[in-house]
Amino acid sequence: MGKRFYSFNRYLREEFGERVHRLSLNAGFGCPNIDGTLSDKGCIFCNNKAFSYFAKDSPLPLEEQIIQAMAYAGKRFKAKKFIAYFQSFSGTYGNIDFLKRQYSSVRKFNDIVGIAISTRPDCMDEEKLDLIESFSKDYSVYIEYGLQTVNDKILKLINRNHTFNDFRKTVGLTARRKDIHIAAHVILGLPGETRDDMLETARQLTSMPLWGIKFHCLHVVGNTPLEEMYRNDEVKLISEDEYIDILISFLEIIPEEWVILRLVSDADRDLLTAPLWINEKQRILRKIEEELEKRKTHQGIKWGVEHRA
Ligand code: SF4
């Protein structure tokens, strides 16, 4: 994919000088939005089993997951270096000793060069940041915070149980640690959001000290409140053309040096209800590339303009 956006693969090659593959792991963390601490329902779209191979009810021991995932990625992608990605549920939710033990599993594997942790903005504090930062002596360290949208009304509607301000405060705390790369997760197509609402998320994020961003298209997976809403015709999903159009406009607004961790998410095909096009990932990526070319545009083209507005 040309130079019209700053892909994660390009970043990894620049940073490590070779292909580096992320290993999606389930380290047995929970989520306060599921276990009853904040709610027992979860975000309306959430079924972690749809996101990652190891997100099963009884996952393999962590080290076994790492061994299997490295073997698979080594064979399939010829990768020799890896980032351990603590993806499932909230990767900083738990007692500090448990977190330390789980993150430290990577030390047994010489080919792991980085640690990435995906979590909620309200599951972070100074003690956890101390722990995570301590890994930066030996590893590249990344934290991905789930935001989804800056619109608090929509955050409430999707049952996130945190606000944009929670995200803003946690990003501020994290940014004081100079060796932690901070990324945001954003969902395009949330119920009740207009195109302009989605682009407002882009505008608000540009003033924050982010390193990267990961995009998801809202999709419906089995056994979620969103599935029920979808079946009752209470939610309308955006089409692939709408998604690509909004995504490109979003890319235009954000700084060109932000790393794009993902342009479109896919899901376990047995759990995906709709839209089915998200699982035609290569075709969608080609279409995004063609559309960027057709519009003669690129990530960051409007950054200065929007920033000054
Ligand atoms: S915060 Fe993450 S793990 Fe928790 S319910 Fe929401 S999407 Fe699921």
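Numbers here simply count residues along the sequence, with the first being 1. Hydrogens, waters and symmetry mates play no part in the numbers below; they use all other heavy atoms, side chains included. Whatever order the structure lists ligands and atoms in, that order sets their numbers, starting from 1.
- Counting the atoms of ligand 1 from 1 in the order shown, those under 4.0 Å from a heavy atom of Phe89 are 3 (S).
- Between Glu289 and Lys294 there is no salt bridge, since no side-chain N of the basic residue sits under 4.0 Å from a carboxylate O of the acidic one.
- Within ligand 1, counting atoms from 1 as listed, the ones closer than 4.0 Å to a heavy atom of Cys43 are 1 (S), 5 (S), 6 (Fe), 7 (S).
- Backbone or side-chain N, O or S atoms of Cys46 reach atom 8 (Fe) of ligand 1 at under 2.8 Å.
- Near Gly42, meaning under 4.0 Å from any of its heavy atoms, are these atoms of ligand 1: 5 (S).
- Under a 4.0 Å criterion applied to the non-hydrogen atoms of Ile34, ligand 1 contributes the atoms 5 (S).
- For the pair Tyr145/Ile182, a side-chain contact is recorded, criterion being any heavy-atom separation below 4.5 Å from C-beta on.
- Against a heavy-atom cut-off of under 4.0 Å, Arg120 is close to the following atoms of ligand 1: 1 (S).
- Ring geometry, His216 versus His185: the interplanar angle falls from 30° to 60°, so the pair is classed tilted.
- For Glu290, the salt bridge (charged side-chain N to carboxylate O under 4.0 Å, His left out) criterion is met by no residue, not counting sequence neighbours.
- Among residues at least two apart or in separate chains, there is no salt bridge (charged side-chain N to carboxylate O under 4.0 Å, His left out) pair with a member in residues 35-45.
- Contact annotation for Cys31 and ligand 1: only side-chain heavy atoms (C-beta onward) come within less than 4.0 Å of the ligand.
- A side-chain N or O of Asn161 and one of Asn33 form a donor-acceptor pair less than 3.5 Å apart.
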